[in-house]
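Just the heavy atoms: all of them, side chains too, but no hydrogens, waters or symmetry mates, feed the values below.
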Amino acid sequence: MIRIICGAKGKGKTKEMLSLAEQAVQKAEGSVVYVDKSEQHMHELNNKIRLINITEYNVDTCEGFLGFLSGLLAGNYDIETVFVDSFLKLAKATPENVEKVIDALDAINSDVDFIVSISADKGDLPSSVYDKIEYSC
């Protein structure tokens, strides 16, 4: 399942993501992963959450991002939840093609919950992803 947290830059999406990650790790029987573009939030995350700084890997295309996540899940069968902060930047996506990327992400593994933050207003996203929006700020 994919859940989206969207809103303009600086509206509290990351704060909401960190809160949801904390809630997820408290209930998790498996692993929780937080993918970000830096290690800035390392001290805000529970030490049971695996923080991945994607800039340490050579991910420079949308397909590369999806391949990275596929490999992550293939090597770790116990991952229950993956948080992706700054989804558009990390996935090399745009509001116009986010539907295609979300569909591809959904096809990777239906047993894993993906929670992604998107720096765009709900109205800037395709209506086909509205049912996946959990929080809009």
Asker: Does any part of the side chain of Thr94, heavy atoms only, come nearer than 4.5 Å to the side chain of Leu88, both counted from C-beta?
Answerer: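 Leu88 does not reach Thr94 side chain to side chain.
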
Asker: Check whether any side-chain heavy atom of Val59 sits under 4.5 Å from a side-chain heavy atom of Leu90, and report yes or no.
Answerer: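 Heavy-atom side-chain distance check fails, nothing below 4.5 Å.
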
Asker: CG of Leu73 to CD1 of Ile79: how many Å apart, nearest 0.5 Å?
Answerer: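 Leu73 CG to Ile79 CD1: 5.0 Å, rounded to 0.5 Å.
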
Asker: Check the hydrophobic clustering (I, L, V, M, F, W, Y; side-chain heavy atoms under 4.5 Å; chains of links allowed) and say if Leu18 and Phe114 are grouped together.
Answerer: no

Asker: Of all the heavy-atom pairs spanning Cys62 and Val101, show the shortest one and how long it is.
Answerer: SG-CG2, 3.3 Å

Asker: To the nearest 0.5 Å, what is the distance between CG (Asp106) and CE (Met1)?
Answerer: 10.0 Å

Asker: Run the numbers on Asp85 and Lys37 for side-chain contact (heavy atoms from CB on, under 4.5 Å), then give the verdict.
Answerer: CA-CA 8 Å; Asp85 205 359; Lys37 61 188 175 300; 5.7 Å; no

Asker: So if you build clusters from Ile, Leu, Val, Met, Phe, Trp, Tyr with side-chain heavy-atom gaps below 4.5 Å, do Phe83 and Ile108 land together?
Answerer: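 Different clusters.
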
Asker: Testing the basics here: between Ser86 and Ser117, what is the closest heavy-atom pair and its distance to 0.1 Å?
Answerer: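 Distance-wise, the nearest heavy atoms are N-OG, 2.9 Å.
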
Asker: If we count only N and O atoms by modelled type, under 3.5 Å, do the side chains of Asp113 and Thr81 hold a donor and an acceptor together?
Answerer: no

Asker: Under 3.5 Å, is there a donor-acceptor pair between the side chain of Ser119 and the main chain of Ala8?
Answerer: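 No: the side chain of Ser119 does not pair with the backbone of Ala8.
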
Asker: In terms of hydrophobic clusters joined by side-chain contacts under 4.5 Å, are Ile5 and Ile2 together?
Answerer: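 No, because Ile5 and Ile2 fall into different hydrophobic clusters, even though each may have its own neighbours under 4.5 Å.
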
Asker: What's the separation between atom CD1 in Ile115 and atom OH in Tyr135, rounded to the nearest 0.5 Å?
Answerer: 14.5 Å

Asker: Leu69, Leu51: one ILVMFWY side-chain cluster at the under-4.5 Å cut-off?
Answerer: no

Asker: Are the side chains of Glu134 and Leu20 in contact, using a 4.5 Å heavy-atom criterion?
Answerer: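 Of all side-chain heavy-atom pairs linking Glu134 with Leu20, at least one is under 4.5 Å.
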
Asker: With rounding to the nearest 0.5 Å, note down the distance linking CG in Asp36 to NZ in Lys89.
Answerer: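 Here the interatomic distance stands at 10.0 Å.
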
Asker: State, with a plain yes or no, whether a side-chain heavy atom of Ser38 is found less than 4.5 Å away from one of Thr55.
Answerer: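 No, too far: nothing below the 4.5 Å cut-off.
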
Asker: Any side-chain to backbone donor/acceptor pair from Asn46 onto Lys48? Under 3.5 Å, distance only.
Answerer: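 At least one qualifying donor-acceptor pair exists.
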
Asker: Output every pair passing salt bridge (Lys or Arg N to Asp or Glu O under 4.0 Å) with a member in residues 10-35, not counting sequence neighbours, ordered by first then second residue.
Answerer: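 Qualifying pairs, neighbours excluded: none.
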
Asker: Check for a donor-acceptor pair, side chain of Asn76 on one end and backbone N or O of Leu72 on the other, with a separation under 3.5 Å.
Answerer: yes

Asker: Going hydrophobic residue to hydrophobic residue with side-chain gaps under 4.5 angstrom, can you get from Val32 over to Ile54?
Answerer: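 No, no single cluster joins them.
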
Asker: Measure the spacing between OG of Ser136 and CD1 of Ile4 and express it to the nearest 0.5 Å.
Answerer: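 One finds 10.5 Å between OG of Ser136 and CD1 of Ile4.
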
Asker: Mind checking the CG-CG spacing from Asp103 to Asn97? Nearest 0.5 Å is all I need.
Answerer: 11.0 Å

Asker: Is the shortest heavy-atom distance from the side chain of Ile102 to the side chain of Phe87 under 4.5 Å?
Answerer: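 Yes. Closest side-chain heavy atoms under 4.5 Å.
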
Asker: Arg50: what forms a salt bridge (charged side-chain N to carboxylate O under 4.0 Å, His left out) with it, not counting sequence neighbours?
Answerer: none

Asker: Taking side-chain contact (heavy atoms from CB on, under 4.5 Å) as the criterion, tell me which of Val82, Val84, Ile52, Ile49 meets it with Tyr34.
Answerer: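 That would be Ile49.
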
Asker: I need the minimum non-hydrogen distance between Gly123 and Tyr130, along with the two atoms involved.
Answerer: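 Minimum heavy-atom contact is CA-OH, 3.7 Å.
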
